[in-house]
Each structure stands twice: as structure tokens, then as C-alpha cells.
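Read the structure below first, then the notes.
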Amino acid sequence: MKDSNFENMLRHSKFIGIGKPGKKKVTGHIKHVVGDDLYVDFGGKFYGVVKRPSYAGDRGYKLGDSVTIRLRDTEVTGHFIGQSRHMTLCEADISLT
Amino acid sequence: MISVHILIYFFSSISIVIGINPLAHKDFFDVRQLYSIKSLFDAGVHLGHKTGVWNPLMKQYIYGDRHGNHIIDLNETDRHLFLALNVTSHIAYRKGVILFVCCRPQFQHLVQKTARECQEFFVIQRWRGGILTNAHKLLPVPRLPDLIIFLSVPYNMDAIRESAQANIPSIGIVDTDCNPNLITYPIAGNDDSLSSLELYCRLFSTAILNAKVQRQNDDNYTIDKSNDGETPRDNSRAEMAS
């Protein structure tokens, strides 16, 4: 009963536990590789997108690899002057460590 | 009004033949067993957008915000998802045509696979305007779907408007940035993650397949009963009695 309660699950989830994303270190998996862009799934709503570092060459950062990232923000949103609503890029703001 | 009467008449005739009334049960197809709030939570259904992106019409489904991220109330989602799965099952049970619509490139393949799994229809490329409202010109067979399931609402607003105009019931996954007004059965939930989309697709396909199996069993049962040498059943009298 306690487990199936939404409020309880939310309170004890990692999403709440991590607090503000502000450059926290998290682990994720590379889900897609498009050109030099790596799409990293760290369990949030959106994937984070980073460029493959130039020193990695072609061998590093393959599909399915586990990577440690710094999570700056879970969603990139912005606001144009005169608009009432923000718009979203549908990706998280991360960088590789 | 006329169509409602026809539906009721159609339905009552079936129920008398098979001797049960699926609509009298609250959960005839056991859709409650298909998921739990925990499974929704594990798939990240509660994760909403940033607060700045929200549509105020979604306020009733939002639990609160955490450092600028909206959290969707899974108790509300649970209630609506149950209703939507129940409706889907009933329509599939009565041999309705179900259409999956998702024009978001990320999930096209998943939706196509789901629709093919449960032998229903899908639109995953661009929605051609007027395909419901101008069907007699655009479609070779003017048979409209009986239920439309929208898996990415912001990408398909024109399709939603059209289904409302054509009076076709719709189910939609609405995130915190969507407008739920024109959707008959909105389900508040995350529509951006693959994990949650996979969950919705699995639930809908299972619900449809279960209902079809149930229908098959009931049809077979009726045929067996009428062919077992007993006195033929007088359906017309039974209908009058009801």
C-alpha cells in the first residue's frame, strides 16, 4: 500500500533526491549517436545532447556506453520578448565530465 | 441522438445473445490489472515540462512543481487512463475501427509497430487535412474510425480539431504544454520520453487484443449454443422482454 502511493513514491524518488540539477554528477547511457552528437539518457524526461569530444576519436563514446555527465538543467527552455509562453528545445542541458 | 439509439439497440441485441452485458460491469475487460501507479511512475509518466512552457488548462492535472519542473498528478492520470483503456476495450469488443495517430518522427516506428500488432490502423506521416471531414472525396472507402488515439498531441492539433468536428471520440496523451479541451478522453502524462510512450503503446495494444480475444470467445460461445441441438432461441421475444 505504501509503495503504490504516488506521493510516497515521488518523495523517495531520485528526481526529488537530486534537488536542483545545478551541475550535479549523474550517470547515463548513450541512446543515439547522430554524427558527432551523443544523446544521453540519464532517466529524466529528455535526453541530454552533447558533442563527442575531439580527443575521443571514433573509438570512444559508442552506442550503449555508460557515461558520467554534469547535469545543468533537465530541459532547455527560453522566452522571446512578447511571447506569453516559453518554448522548449526538448533536450536536457548536460556536459561530459 | 439517433446514432446513440442505434448503438444501444445494437448492443442490447448482442448482450441478449451472449447473455451478459459488458457495459453493466465497471471493469469488464480487467484493464485495472494491466498497470499500476508504480508502473506509470517507473516509466516517468509524472514528469512534466518546465513551468514556463505550461498550458494553464492543464492545471487540474498538475500535482505541483519541483525546481521549475511540473509534476503530473498520477492519481488523476490513473483515473483517466483507466477510463480511456475501458473505452478502447469496449470499442474493440464491438468491432470498432481504431486509428493511432502520432506524427512525431521520434515515435513513428513504435506507433506503427503497435498498430500492426493489434491489427488496427495508423497515421504516422503528415496528417492530410480534411481526411475525416472530407472523407467521401479523399478516401476510397468512406468508413471513418470509431476511435482515434493521439500519442503526440502538440504535433497533431489539426487532426484533433478534425476528429472533434467529425464527432469521433478521441483519446490523447496530454503533457503539461498541451490543450486538453478538444479531446474526449485526455490522459495527463509525459509524452516526450520513449519509456512512457512504450508503456502507453503496450497498454493500448494489450487492451485492444484482450477485447478482441474476448469477442472471439463470446462469438464462438454463441455459435456453439445455437448448434447444440437444443430448441432454437427466440431472439425477437427476448429483445421485447428487455
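Below, chain A is the first sequence line, B the second, and so on; all start at residue 1. Note that the structure is predicted; figures quoted are calculated from it, not measured.
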Would one find more than 12 heavy atoms of other residues, nucleotides or ligands at under 6.0 Å from atom [atom1] of [X]?
X        : atom1 : value
A:Arg11  : CZ    : no
A:Lys24  : NZ    : yes
B:His109 : NE2   : no
B:Met157 : CE    : yes
B:Arg128 : CZ    : no

Heavy-atom distances under 4.5 Å only: say whether B:Asn69 touches chain A with side chain, backbone, both or neither.
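Interface part for B:Asn69: side chain.
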Check each atom of B:Asp42 against the heavy atoms of chain A and say whether the ones under 4.5 Å are side chain, backbone, both or neither.
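No part of B:Asp42 comes within 4.5 Å of chain A.
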Do you know which of B:Asp192, B:Leu47, B:Val53 makes side-chain contact (heavy atoms from CB on, under 4.5 Å) with A:Glu75?
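Of the listed options, the one satisfying the test is B:Val53.
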When A:Phe6 is tested against each of B:Ile71, B:Leu40, B:Asp78 for side-chain contact (heavy atoms from CB on, under 4.5 Å), which residue passes?
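It is B:Ile71, the one option of B:Ile71, B:Leu40, B:Asp78 that forms the side-chain contact (heavy atoms from CB on, under 4.5 Å) with A:Phe6.
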Tell me the closest heavy-atom pair linking B:Asn190 and A:Lys45, and the distance in Å.
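Closest approach of B:Asn190 to A:Lys45, heavy atoms only: OD1-NZ, 2.9 Å.
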Considering non-hydrogen atoms only, spot the tightest contact between A:Gly44 and B:Ser193 and give its length.
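So the minimum-distance heavy-atom pair works out to O-OG, 4.0 Å.
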Determine whether [X] and [Y] make a side-chain contact, defined as any pair of heavy atoms from C-beta on separated by less than 4.5 Å.
X       : Y       : value
A:Ile16 : B:Arg66 : yes
A:His86 : B:Thr51 : no
B:Leu74 : A:Met9  : no
A:Leu10 : B:Tyr63 : yes

Heavy-atom distances under 4.5 Å only: say whether A:Asp41 touches chain B with side chain, backbone, both or neither.
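Contact with chain B is absent: no heavy atom of A:Asp41 under 4.5 Å.
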Nearest 0.5 Å please: distance from the NE2 atom of B:His49 over to the CZ atom of A:Arg85.
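One gets 9.5 Å once the value is rounded to the nearest 0.5 Å.
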B:His67 ring center within less than 6.0 Å of A:Phe15 ring center
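No, they do not, as the ring centres are separated by 6.0 Å or more.
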